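Working notes, beginning with the structure itself.
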Amino acid sequence: MTKPLTFFLVLLINMTGFAQIGQAPRQDYQLITGNSFIQSKNWYLLTLFESLPEVKSLLEKDSELAAIAGSKSMNLEASVKECKSDFLCYTGKMKFSAQEIDAIGARLEVLYSENNALGKLVKQHLIPSGTYILLKDQSEKVLLRKAWEQDARGVNHAIEVYAEGKKPNYPAIDSIEFKTTDRSYPVLVYDATDIVRQEKKGAKLFFGPSMYYALQFLEVNERHEAADYEPMVSTVNKAAVDRVKRIDWNKFKYTLILVPGAGPDTYDRALSEGGMLRCRVAALRYFEGLAPYILVSGGRVHPFKTKYSEAFEMKKFLMETLKVPENAIIMDPHARHTTTNMRNAVRLLYRYGMPVEKPCLVSTMRSQSFSISSDAFVSRCMREMNYVPYKLGKRLSDTDVEFYPVLDALHIDADEPLDP
């Protein structure tokens, strides 16, 4: 029995990246949503700070952090009186400065103890959630600090893109809705700032004013893609998730068949020709009995601010035209790129309790299939996400290639607020 057990442990370590089993993410961990999916997906540590009563109390009572909270609230009060037509004056006051990020990180380290509320947060939430899994080599205290630094930079990035008009990673699809050069734009920024000032008056948590400022500008830009169809486990994916525990996985070679999205070029078309053809390839593999699920992946991406979700329209096509049953289809309506098609598939199969040691299949058209299996695609994943969320397996055909899940995929992408 020793050899199979050793092999399993090595496989688990390779997939999770954790050398100690006690430090690994847990597949039964339930993510905390907090006030919104947009907030929790982007800034999970801040959501935990706000949602866990013992942690919230500890942070609110600390004099140094309370002073920062007071300073941010004062910035809101001052900006609506002083900034006038300088919209960067408003936004600049709400971002975290490098000095503030460093000071807060240092204070969190001082407050941290293995046995206090922050220690429990790290052990019971940060590590088992896997949401900061790329920080796995850090001590628990440093993990807490670096998770804070990531969230703070993420808040700043959202403000920079959706309030200041900084170019996002993909300007053609993710940019700000407004022209910051319009004479009316400072008025909008004033109004949004004043709403946050009124709603968050007397905020006691040090990050509250800035985080809600970022959320306000995502809202006015109508950029709520990260929350589309949530909670999916009880809505669009309920039929499929309810079936997971009844499946005899030994009967299937693959956990799922991934279909990457393909957006149309015009606003009046719901599903592109590429999406239809990719669905047909996946349906062939499904009816051959290779996997119990098809996972369709793609958000509201092309063209800019389209109302159509690639995953939703592919699911409809699979059900209505190709007669795939709904309980065999999983939707990922959030991915905006081929890289995140792969990443989000790993996230969903993990969160839904599916086997992580089995291979999966990505089925698509020839050109995209060979692109996914190329060295250039690996380089793109590293450039955009700082990790590769899969390991390639065998190529079955021009349209089908195997991949194995890598749990680094659970890590939050701090500079992609529409699909972090």
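Just so we're clear, the structure is a prediction, and the values are computed from it rather than from any experiment. As a basis for the values below, the full set of heavy atoms in this structure was taken, side chains included, without hydrogen atoms, waters or symmetry mates.
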- Are the side chain of Tyr90 and the backbone of Lys84 linked by a donor-acceptor contact shorter than 3.5 Å? yes
- Give the C-alpha distance, both sets of side-chain angles, the deciding distance and a yes or no for side-chain contact (heavy atoms from CB on, under 4.5 Å) between Met354 and Ile330. CA-CA 12 Å; Met354 299 178 184; Ile330 298 170; 3.1 Å; yes
- Can Tyr213 and Thr193 be counted as having a side-chain donor-acceptor contact under 3.5 angstrom? yes
- Task: Output every pair passing disulfide bond (SG atoms under 2.5 Å apart) with a member in residues 73-189, not counting sequence neighbours, ordered by first then second residue.
- Result: Cys83-Cys89
- Could you walk me through whether Leu126 and Leu48 pass the side-chain contact (heavy atoms from CB on, under 4.5 Å) check? CA-CA 9 Å; Leu126 285 197; Leu48 294 173; 3.8 Å; yes
- Query: Does the pair Ser79 and Arg197 meet the rule for a side chain to side chain donor-acceptor pair (under 3.5 Å), with working shown?
  - Reply: CA-CA 10 Å; Ser79 63; Arg197 180 190 68 83; over 6 Å; no
- Say whether Ser369 and Arg395, considering side chains only, have a donor N or O and an acceptor N or O under 3.5 Å apart. yes
- Salt bridge present between Glu164 and Lys95 (N-O < 4.0 angstrom): yes
- Message: Looking at Lys81 and Asp194, is there a salt bridge between them, counting it only when a charged N and a carboxylate O are closer than 4.0 Å?
- Response: no
- Just do the side chain to side chain donor-acceptor pair (under 3.5 Å) check on Tyr212 and Asn35 with the steps written out, would you? CA-CA 11 Å; Tyr212 281 102; Asn35 290 320; 2.6 Å; yes
- Identify whether NZ of Lys or CZ of Arg in Arg278 sits under 6.0 Å from the centre of the six-membered ring of Phe317 and within 45° of that ring's axis. no
- Message: ring pair (Phe, Tyr, Trp, His ring centres under 6.0 Å), that's the test. Do Tyr29 and His125 meet it? Break it down for me.
- Response: CA-CA 8 Å; Tyr29 177 82; His125 294 280; 5.7 Å; yes
- Query: Asp182 and Ser184: side-chain donor and acceptor closer than 3.5 Å?
  - Reply: no
- Compare all side-chain heavy atoms of Leu121 with those of Phe49 and state whether any distance is below 4.5 angstrom. yes
- Side chains of Asp400 and Val281 in contact at under 4.5 Å (non-hydrogen atoms): yes
- Query: With a 4.5 Å heavy-atom cut-off, do Val155 and Leu46 have their side chains touching?
  - Reply: yes
- Task: Indicate whether any N or O donor in one side chain lies under 3.5 Å from an N or O acceptor in the other, for Gln216 and Glu199.
- Result: no
- Message: What I want to find out is whether Glu326 reaches Lys315 closely enough, with some N-O distance under 4.0 Å, to be called a salt bridge.
- Response: yes
Which donor-acceptor pairs under 3.5 Å do side chains of residues 226-235 form with protein atoms, sequence neighbours excluded?
from	atom 1	to	atom 2	distance (Å)
Asp228	OD1	Arg300	NH2	3.1
Asp228	OD2	Arg300	NE	2.8
Asp228	OD2	Arg300	NH2	3.2
Glu230	OE1	Met232	N	3.0
Glu230	OE2	Lys41	NZ	2.7
Ser234	OG	Pro231	O	3.3
Thr235	OG1	Tyr229	O	2.8
Thr235	OG1	Pro231	O	2.9

- Is there a donor-acceptor pair under 3.5 Å between the side chain of Lys305 and the backbone N or O of Asn221? yes
- Message: Which heavy atom of Leu361 sits nearest to which heavy atom of Glu402, and what is that distance?
- Response: CD1-N, 4.0 Å
